Asks: 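Sending over a structure as structure tokens; questions will come in a sec.
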2 protein chains.
Amino acid sequence: MPEDKVRQIPFIQSLDRGLTILQAVALSKQPVSLGELTEILGIDRSSAFRLANTLRRRGFLACPAGRKDYILGSSMWRLSHRYDWGNMLIRVANQQLKLLATQINETAHLAIREGKYALFIDHAAASNVIAVAGQVGELVPLYCTAHGKALLADADERELRALFGSGHLRRYTKNTLTSIQELAKECTLIKKRGFATDEAEYTEELRCVAAAIRVDNDVIVGSIGVSAPMTRFSKERYRASAEQVCKVAQAIGILLSNADQATDRDADKAVAEFA
Amino acid sequence: MPEDKVRQIPFIQSLDRGLTILQAVALSKQPVSLGELTEILGIDRSSAFRLANTLRRRGFLACPAGRKDYILGSSMWRLSHRYDWGNMLIRVANQQLKLLATQINETAHLAIREGKYALFIDHAAASNVIAVAGQVGELVPLYCTAHGKALLADADERELRALFGSGHLRRYTKNTLTSIQELAKECTLIKKRGFATDEAEYTEELRCVAAAIRVDNDVIVGSIGVSAPMTRFSKERYRASAEQVCKVAQAIGILLSNADQATDRDADKAVAEFA
DNA sequence: AGTCAGATTGCAAATGCTGCAATCGCCGAG
DNA sequence: CTCGGCGATTGCAGCATTTGCAATCTGACT
């Protein structure tokens, strides 16, 4: 269990414990019993109970009808729904996005997943280059774009079928992957090497590299990438770009993971190497 | 602000305060300064600071680059993203869904929003009736279905344009609304009267009524409704159904809002004193 | 530079939290 | 139907944690 806590600044024990409970419950697929919480926190049963009870009163936890173990409550739902996460991502990633566009000298995009599609939520154009496809606000299929596939990186075949059904996928170009099986294999590869490509699989003549943005090196919350016409984006050039894309994606992930000053620097470092 | 403290059930003060901060920050559109938090909690500056700082260390709050006021952090994102809200909604709504199907004697559906689409996540068929469109897992457009429009009820024209673009909407039947302007007007109406209709706007010959499910009478988290072929679902019959649909939607909303207190009799007191 | 508002830190008091142990409530076994 | 057994809940007294005050720091504006 990774427990990295720095206490240079005094921190409130009981609040911290409460948050631990919240996390534990959120990360568990099953309802969590008081006993388990006691175990996790390593404190007395009664204390765990009172903590959990406080969370329940506030609606952050709830008890499934009749049961006495805990699940997340509606407050979490409400609070996170109300919040404008898209804007947060845009804000945090903006600088990195521009950096990427400048370095590679092609248009860079930021996307999030929206159901079966990837949604472009921001872009940065290189100064001296004609803008390329991918308007902000545009929805593109997940399965045949670099951004989409990056967002799908963690999916296995079962999930893909649940999402797209078991039939064939619509073909956009001659390179489009149309079977779930191929797609699943591609996802595995993408996950391993860290970036996804689009070899004109959605739009003819358009090549694209993208990497998933992960919070805590885990949950995928968005993707960042660059794209350009094949004529301008040679295979080796865009392969080289992949590395930069990955680094930037990671930098943004770090910024999101612990958005405090200390980690601003970590992110800078991560980017600095090739800046 | 009166600070009634009833300690029939002991609750942890500092955790409670921390949660208050979380709420305050989440509900504010703007970053919240330490001063404001102090104000809200009615405690000393330094205490508020330490509380907020603990939340920040855990990633529940963050500071926008360089600034020193607070916004929600990535932990909220991560936790709520990872949690299976769909299942929670299905679980809570299941009974009501069946009830609705029985009462109206037509198929009832439960849907959530997924990007530009409504996603059916559960359904209940009336016993003696041939099943109707709307498989669980099906995605349907937001703008031309009762569920979709119910989910859009709070959107204004600006938001609609941001979502659908400013062009024309695809026409599925002769009744489909194809202009954003019409849609915006419809949304206003839906919001006012509490339910949305689909007069064969997506599928020919299919009529549908749906109402938004709101947590805390505010945030829309899903929709519930019934549908049937027009031949069987006369205009007056389905108008009468609207009322029931609304009631059920509201009931689910209440169940979601206080999932903990709904099953707990003692908690009624707690609710009373909070109000 | 100088001033001011807000953020951060040190410290001792005391409040609130904790763990222990006793009680309660629910199940399944006898 | 009663009896254990297990986990949840509650009462209590000691003391660790949190708190408010006051001092210090930061950094923005004059």
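Since we're looking at a predicted model, the values are computed, not measured. Quick note on labels: first sequence line is chain A, next is B, and so on, each numbered from 1. No hydrogens, no waters, no symmetry mates; every other heavy atom, side chains included, goes into these values.
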Asks: Just N and O in the side chain of A/R45: are any of them under 4.0 Å from OP1 or OP2 of C/dC20?
Replies: no
Asks: List the steps and the verdict of side-chain contact (heavy atoms from CB on, under 4.5 Å) for A/I21 and A/L61.
Replies: CA-CA 9 Å; A/I21 291 181; A/L61 290 184; 3.9 Å; yes
Asks: Does A/K68 or A/G42 map to a spot on DNA chain C nearer the 5' end, using the closest nucleotide for each?
Replies: A/G42
Asks: Considering non-hydrogen atoms only, spot the tightest contact between B/A211 and B/A150 and give its length.
Replies: C-CB, 3.9 Å
Asks: Measure up the A/F120 and A/H109 rings against each other and bin them: parallel (under 30°), tilted (30 to 60°), perpendicular (over 60°).
Replies: tilted
Asks: Show the nearest heavy-atom pair for residues A/A26 and A/L72, with the distance to one decimal.
Replies: CB-CD1, 3.8 Å
Asks: Can you tell me the distance, in whole Å, between the CD1 atom of B/I12 and the C1' atom of D/dT17?
Replies: 12 Å
Asks: Rounded to the nearest angstrom, tell me the gap between atom CG in B/L37 and atom P in C/dA7.
Replies: 9 Å
Asks: Has the side chain of A/R50 got a donor or acceptor that lies under 3.5 Å from a partner of the other kind on the base of C/dG16?
Replies: no
Asks: Provide, to the nearest angstrom, the distance between the CD atom belonging to A/Q13 and the P atom belonging to D/dA16.
Replies: 11 Å
Asks: Could you state the CG-P distance from B/D44 to D/dC21, rounded to the nearest angstrom?
Replies: 6 Å
Asks: Take the protein atom OH of A/Y70 and the nucleotide atom P of D/dT9, then report the distance between them rounded to whole Å.
Replies: 5 Å
Asks: Taking CG from A/L15 and C1' from D/dT18, how many angstroms apart are they, rounded to a whole number?
Replies: 12 Å
Asks: How close or far is atom C1' of D/dT19 from atom CZ of A/F11, stated in whole angstroms?
Replies: 17 Å
Asks: Take a 6.0 Å sphere around CD of A/E157 and say whether it holds more than 12 heavy atoms from other residues, nucleotides or ligands.
Replies: yes
Asks: Quick one: is D/dG20 close enough that its OP1 or OP2 comes under 4.0 Å of any side-chain N or O from B/S47?
Replies: yes
Asks: CZ of A/F49 versus P of C/dT18: gap in Å, rounded?
Replies: 14 Å
Asks: Which one, C/dC17, D/dA8, C/dG19, comes nearest to the side chain of A/S33?
Replies: D/dA8
Asks: Look at the side-chain N and O atoms of A/S46 and state whether any lies under 4.0 Å from the OP1 or OP2 oxygen of D/dA8.
Replies: no
